[in-house]
Asker: 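Please read through the structure below; I'll follow up with questions.
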Amino acid sequence: MKMDPARLEAAIRRVLAQLPGDADSTGDGVFASMDDAVHAAAKAYREYLTCSMADRRRYVAAIREVMLRPENLDHMSVAAVQQTGMGDVAHKYLKNKAAAELTPGVEDLITDAFSGDEGLTTVEYSAFGVIGAITPTTNPTETITCNSIGMLAAGNAVVFSPHPRARDLSVWQVRQINRALREAGAPDNLVVTVAEPSIDNTNAMIAHDDVRMIVATGGPGIVRTVLSSGKKAIGAGAGNPPVVVDETADIAKAAKCIVDGASFDNNLPCTSEKEIVAVDAIADLLKFNMVKSGAYELNADERARVEGVILNEKGRPQTDWIGKPASAILEAIGVEPPAGVRLLLCEAGADHPFVVHELMMPVIGLVRVPDVDAAIELAVELEHGNRHTAIMHSQNVSNLTRMGRMIQTTIFVKNGSSFNGIGIGGEGYCTFTIAGPTGEGLTRARDFARVRRCVLVGDLNVR
Ligand code: NAD
C-alpha cells in the first residue's frame, strides 16, 4: 500500500516533535553558557542589520508557520501541562494558536514623518539589539512565540531565560524556531537560550554588557529585579483581576463569562478573573447561573477543607496546587466532582485569601456588596494597584465608565470574559506580555524598538 507523501511527512513530523530528545545537547540556538548564548545572539543581530524588511517579514512568517504546525501545537499543549504540572491542554492549544496567529509583526512598525521648507524628517522604530527575555511557567511557550515574533519583527535578536520548570519544552521550542529560521534563510541564532535555565543564568543575562534591553514576564520578584538593572526594561508583572457584576447586568451571560474566564487554563493567566464583587440584589442569581455554567459552590465545611489543601500555613497559595483542575481539588477534599465541573465558587469576606491573593487556581471567592459604588471601591482595593486587568458586567454606561476611570487597569473587559482582552474572542491583537508596571500595556513589536529620527535637510519636500 502506498502512503500519501503529505500524510507520511506529517506522521514523521509528529513523531519527531514527540521525541523527548535533545534538551541536554547544544546547537540550534541552545548554548551551554549564558555568555556563549549572548555572544551568538549579538553576532546574529549584526548580521540581521543587513537584512531587508521583506526578509524580516519572511522570518516572522516562518516562526508563525512552525509554531502553528498541528503536531507542534499538540506537543506544546501536552508537554506544558506534563512538565509544569499546571494548566489545561485544550486551553493551552488555544493560547499557543492565538500567540502564533495574532501577535503583531513588522506591520506594527509605523513610520512618522515631518516635511516642510527645511526638508524631510522620518521617525522610525529601530532595533535595540540583543534583548534578554524572561518567561514564566504559566505561559511558557506562548510567551516565547509572542516575544520572538515581536522582537524579531522590530529587528532584534533575543536570548530567552525560561523558567527552569519549563526547561525541556522551552529548549525544544527555541530549536524549532531556529531550524525554521534557518530554512527561511535567516542568520543563525537570532533566538537563543541556555541548556540549563536557572536564576544564576537569568542574572548573568541581565548583567551582560551585550544585552541592551530586558523584558520580564513573571511575578513581582523578577519585575523588581529587572527594573533595578540599570537597563531599559519592560516589566510584565502579576495581577489580581476583580470582576464586578452590578444589578443591571445580563446575569446569565455574566455567569457564563466568569466561569469561562476563571477556569481558562485552570486560572493560570495573569488576566483571569481572580475574585468576584457582586451587588447583593443579584448575587444569588449570579451564583445560581454560575453553577448552571459549570461552577461548584462550596459550602462552609467544604470551603474550610479546600483552604486546608490549597493554602499554606501563611494563607498563601500552595505552589503544588497552582493550575490544577477544579475536579482534582474536589477529589482532594473527598467530594466526588460533578461531571463538567470547571470552577469552585464560594462566598467570602473581602479579606479572605481566595479574594486577596492571586491563587492561579480554579477557585474564586465572591464578595457581596450593597451597591455598585461599594463594588467599584472594593474592586480597586483588591486589584492592589497592579494596574493589570479588571472585568465588569453591567448595562449601565455610567457605571462602566466610572469603574474604568477608578481602576486604571491596563486591560478593562466589559461584558465579556477576561481572555477577550488579549485577542482571544475580542477585538485587538494578542500578547502574553502585558506590561502594567512600566506602562507599555499589551506589548507588540514597537515596544521592543528604539525611536530614531532621520533628517534630510532642505530637500524631498515635494508639496
Ligand atoms: P515567577 O516570577 O516565579 O517566574 C518568572 C520568571 O522569572 C522565570 O523565568 C523565573 O525563573 C524567573 N525568576 C523569578 N524570580 C527570579 C529571581 N529572583 N532572579 C532571577 N530570575 C527569577 O513567575 P511564574 O510563576 O513563572 O509566573 C506566574 C507569575 O507571572 C504570576 O504572578 C503572573 O501574574 C505573572 N505573569 C504576568 C504576565 C503579564 O503579562 N503581566 C504574564 C504571565 C505571568
Side-chain angles (χ1 to χ4, degrees), residues 34 80 83-87 92 95 98-99 103 132-147 150 159-167 169-171 173-174 193-194 196-208 211 214-229 233-241 264-274 316-323 357-361 383-384 386-390 409-411 418-419 421-423 429-444 447:
M34 185 51 83
Q83 288 176 27
T84 65
M86 304 190 291
K92 295 233 181 261
K95 287 165 61 181
T103 299
I134 298 150
T135 54
T137 36
T138 46
N139 310 320
T141 49
E142 301 88 327
T143 312
I144 289 183
T145 299
C146 143
N147 286 358
V159 183
F160 280 108
S161 201
H163 197 290
R165 254 172 105 177
R167 171 234 189 199
L169 183 54
S170 306
V171 164
Q173 190 182 8
V174 166
T193 191
V194 284
E196 288 297 339
S198 63
I199 286 187
D200 284 349
N201 270 326
T202 301
N203 290 333
M205 180 185 81
I206 294 170
H208 202 293
V211 173
I214 319 279
V215 178
T217 311
I222 188 62
V223 169
R224 242 189 332 269
T225 302
V226 304
L227 292 189
S228 49
S229 67
I234 293 183
N240 190 40
F264 191 55
D265 207 15
N266 293 336
N267 202 276
L268 285 182
C270 50
T271 45
S272 286
E273 291 84 348
K274 298 276 189 294
R316 293 279 182 168
Q318 192 74 262
T319 317
D320 290 351
W321 283 93
I322 291 178
H357 298 311
E358 184 194 35
L359 295 183
M360 295 187 283
M361 301 173 198
E383 212 274 322
H384 306 311
N386 293 320
R387 298 187 175 194
H388 198 299
T389 297
T409 46
T410 304
I411 300 177
S418 49
F419 50 75
I422 56 164
Y429 59 88
C430 182
T431 184
F432 284 90
T433 296
I434 299 150
T438 46
E440 291 78 5
L442 289 91
T443 55
R444 47 180 163 167
D447 299 308

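Atoms within each ligand, like the ligands themselves, are counted from 1 in listed order.
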Asker: Any non-hydrogen atom of Ser161 lying under 4.0 Å from ligand 1?
Answerer: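 So Ser161 counts as touching ligand 1.
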
Asker: Tell me yes or no: between the side chains of Thr443 and Thr433, is some donor less than 3.5 Å from an acceptor?
Answerer: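 No, Thr433 and Thr443 have no side-chain donor paired with an acceptor closer than 3.5 Å.
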
Asker: Is Glu358 reaching over with its side chain to a backbone N or O of Lys274, donor-acceptor style, under 3.5 angstrom?
Answerer: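 No, because the side chain of Glu358 does not come within donor-acceptor range (under 3.5 Å) of the backbone of Lys274.
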
Asker: Quick check: Thr217 and ligand 1, any N/O pair under 3.5 Å apart?
Answerer: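 Checking ligand 1 against Thr217, no N or O pair falls under 3.5 Å apart.
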
Asker: Provide, to 0.1 Å, the distance between atom 41 (N) of ligand 1 and the closest protein heavy atom, together with that atom's residue and name.
Answerer: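 Protein heavy atom at minimum distance: Gly237 O, 2.8 Å.
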
Asker: Who's the nearest protein heavy-atom neighbour of atom 35 (C) of ligand 1, and how far?
Answerer: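 Answer for atom 35 (C) of ligand 1: Gly218 O, 3.3 Å.
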
Asker: What's the shortest distance from atom 10 (C) of ligand 1 to any protein heavy atom, and which residue and atom give it?
Answerer: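 Here the closest protein heavy atom is His163 CD2, 3.6 Å.
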
Asker: Nearest protein heavy-atom contact for atom 44 (C) of ligand 1: which residue, which atom, what distance?
Answerer: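 Heavy-atom neighbour on the protein nearest atom 44 (C) of ligand 1: Thr138 OG1, 3.6 Å.
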
Asker: Polar contacts were defined as any N/O atom of the residue lying under 3.5 Å from an N/O atom of the ligand; does this apply to Ile199 and ligand 1?
Answerer: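 No, since none of the N or O atoms of Ile199 sits under 3.5 Å from an N or O of ligand 1.
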
Asker: Identify, for atom 32 (O) of ligand 1, the protein heavy atom at the shortest distance, and state residue, atom and that distance.
Answerer: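 I find the closest protein heavy atom is Glu358 OE1, 2.9 Å.
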
Asker: Considering the heavy atoms of Ile134, write down every atom of ligand 1 situated less than 4.0 Å from one of them.
Answerer: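 Those of ligand 1 that fall under 4.0 Å from Ile134 are 6 (C), 7 (O), 9 (O), 12 (C).
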
Asker: Nearest 0.5 Å, what's the NE2-CG distance between His208 and Asn201?
Answerer: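 These two atoms lie 11.0 Å from each other.
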
Asker: With distance as the sole test, does Ser272 use its side chain to make a donor-acceptor pair with the main-chain N or O of Leu268 at under 3.5 Å?
Answerer: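 Flag not set: sc Ser272 to bb Leu268 has no pair under 3.5 Å.
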
Asker: Side chain or backbone, does Thr137 bring an N or O within less than 3.5 Å of an N or O on ligand 1?
Answerer: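 Yes, at least one N or O pair falls under 3.5 Å.
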
Asker: Side chain or backbone of Asn139 under 4.0 Å from ligand 1, or both, or neither, by non-hydrogen atoms?
Answerer: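 Side chain only.
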
Asker: Report, in ascending order of atom number, the atoms of ligand 1 lying under 4.0 Å from any heavy atom of Pro136.
Answerer: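 Reading through ligand 1 atom by atom, the close ones are 26 (O), 27 (O), 43 (C).
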
Asker: Given Gly219, Pro140, Pro162, which one has a non-hydrogen atom that is nearest to atom 23 (O) of ligand 1?
Answerer: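 Going through Gly219, Pro140, Pro162 one by one, Gly219 has the nearest heavy atom to atom 23 (O) of ligand 1.
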
Asker: Pair Thr271, Thr389 - check side chain to side chain donor-acceptor pair (under 3.5 Å), show working.
Answerer: CA-CA 6 Å; Thr271 45; Thr389 297; 5.4 Å; no

Asker: Do any nitrogen or oxygen atoms of Ile434 come within less than 3.5 Å of a nitrogen or oxygen of ligand 1?
Answerer: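 Yes, at least one N or O pair falls under 3.5 Å.
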
Asker: List the closest protein heavy-atom neighbour of atom 22 (C) of ligand 1: residue, atom name, distance to the nearest 0.1 Å.
Answerer: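 Here the closest protein heavy atom is Ile222 CD1, 3.5 Å.
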
Asker: Ligand 1 versus Thr433, non-hydrogen atoms closer than 4.0 Å: side chain, backbone, both, neither?
Answerer: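 Looking at Thr433 and ligand 1, just backbone atoms fall under 4.0 Å.
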
Asker: Give, for atom CE of Met86 and atom CH2 of Trp321, the distance between the pair rounded to the nearest 0.5 Å.
Answerer: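 One finds 14.5 Å between CE of Met86 and CH2 of Trp321.
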
Asker: Side chain of Arg167, backbone of Pro197: donor and acceptor closer than 3.5 Å?
Answerer: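 Absent.
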
Asker: So, does Glu383 use its side chain to make a donor-acceptor pair with the main chain of Asn386 at under 3.5 Å?
Answerer: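 A pair under 3.5 Å: yes.
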
Asker: List ligand 1 atoms under 4.0 Å from Asn203, heavy atoms only on the residue side.
Answerer: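 Under 4.0 Å from Asn203, ligand 1 has these atoms: 19 (N), 20 (C).
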
Asker: Any heavy atom of His388 closer to ligand 1 than 4.0 angstrom?
Answerer: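 A heavy atom of His388 does come that close to ligand 1.
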
Asker: Indicate, as side chain, backbone, both or neither, the part of Ala216 found under 4.0 angstrom from ligand 1 when only non-hydrogen atoms are considered.
Answerer: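 None of Ala216 does.
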
Asker: Can a donor-acceptor pair be found, under 3.5 Å and without considering hydrogens, that links the side chain of Asn266 to the backbone of Ile322?
Answerer: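 Flag not set: sc Asn266 to bb Ile322 has no pair under 3.5 Å.
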
Asker: Tell me which part of Thr135 gets within contact of ligand 1: side chain, backbone, both or neither, using heavy atoms under 4.0 Å.
Answerer: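 The answer is the backbone of Thr135.
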
Asker: Would Glu440 and Thr438 count as having a side-chain donor-acceptor pair, cut-off 3.5 Å?
Answerer: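 Checked: Glu440/Thr438 side chains pair up, N/O donor to acceptor below 3.5 Å.
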
Asker: Is a side-chain donor or acceptor of Thr431 paired with a backbone partner of Ile434 at a separation under 3.5 angstrom?
Answerer: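 Such a contact is absent between Thr431 side chain and Ile434 backbone.
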
Asker: Going by the order shown, which atoms of ligand 1 are within less than 4.0 Å of some heavy atom of Pro164?
Answerer: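 Ligand 1 atoms under the 4.0 Å threshold to Pro164: 11 (O).
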
Asker: Does either side chain, that of Gln173 or that of Thr193, offer a donor lying less than 3.5 Å from an acceptor on the other one?
Answerer: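 On atom types as modelled, these side chains do not qualify, holding no pair under 3.5 Å.
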
Asker: Once you round to the nearest 0.5 Å, how far does CD1 of Ile422 lie from CG of Leu442?
Answerer: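 Those atoms lie 8.0 Å apart.
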
Asker: Which ligand 1 atoms are under 4.0 Å away from a heavy-atom of Gly239?
Answerer: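 In order of number, 34 (O).
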
Asker: Within the distance-only criterion (no hydrogens, no angle test), does the side chain of Asn203 pair as donor or acceptor with the backbone N or O of Asp200 below 3.5 angstrom?
Answerer: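 No.
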
Asker: Evaluating non-hydrogen atoms only, which member of Ala166, Ala133, Cys270 is closest to atom 38 (C) of ligand 1?
Answerer: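 Among Ala166, Ala133, Cys270, the closest heavy atom to atom 38 (C) of ligand 1 comes from Cys270.
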
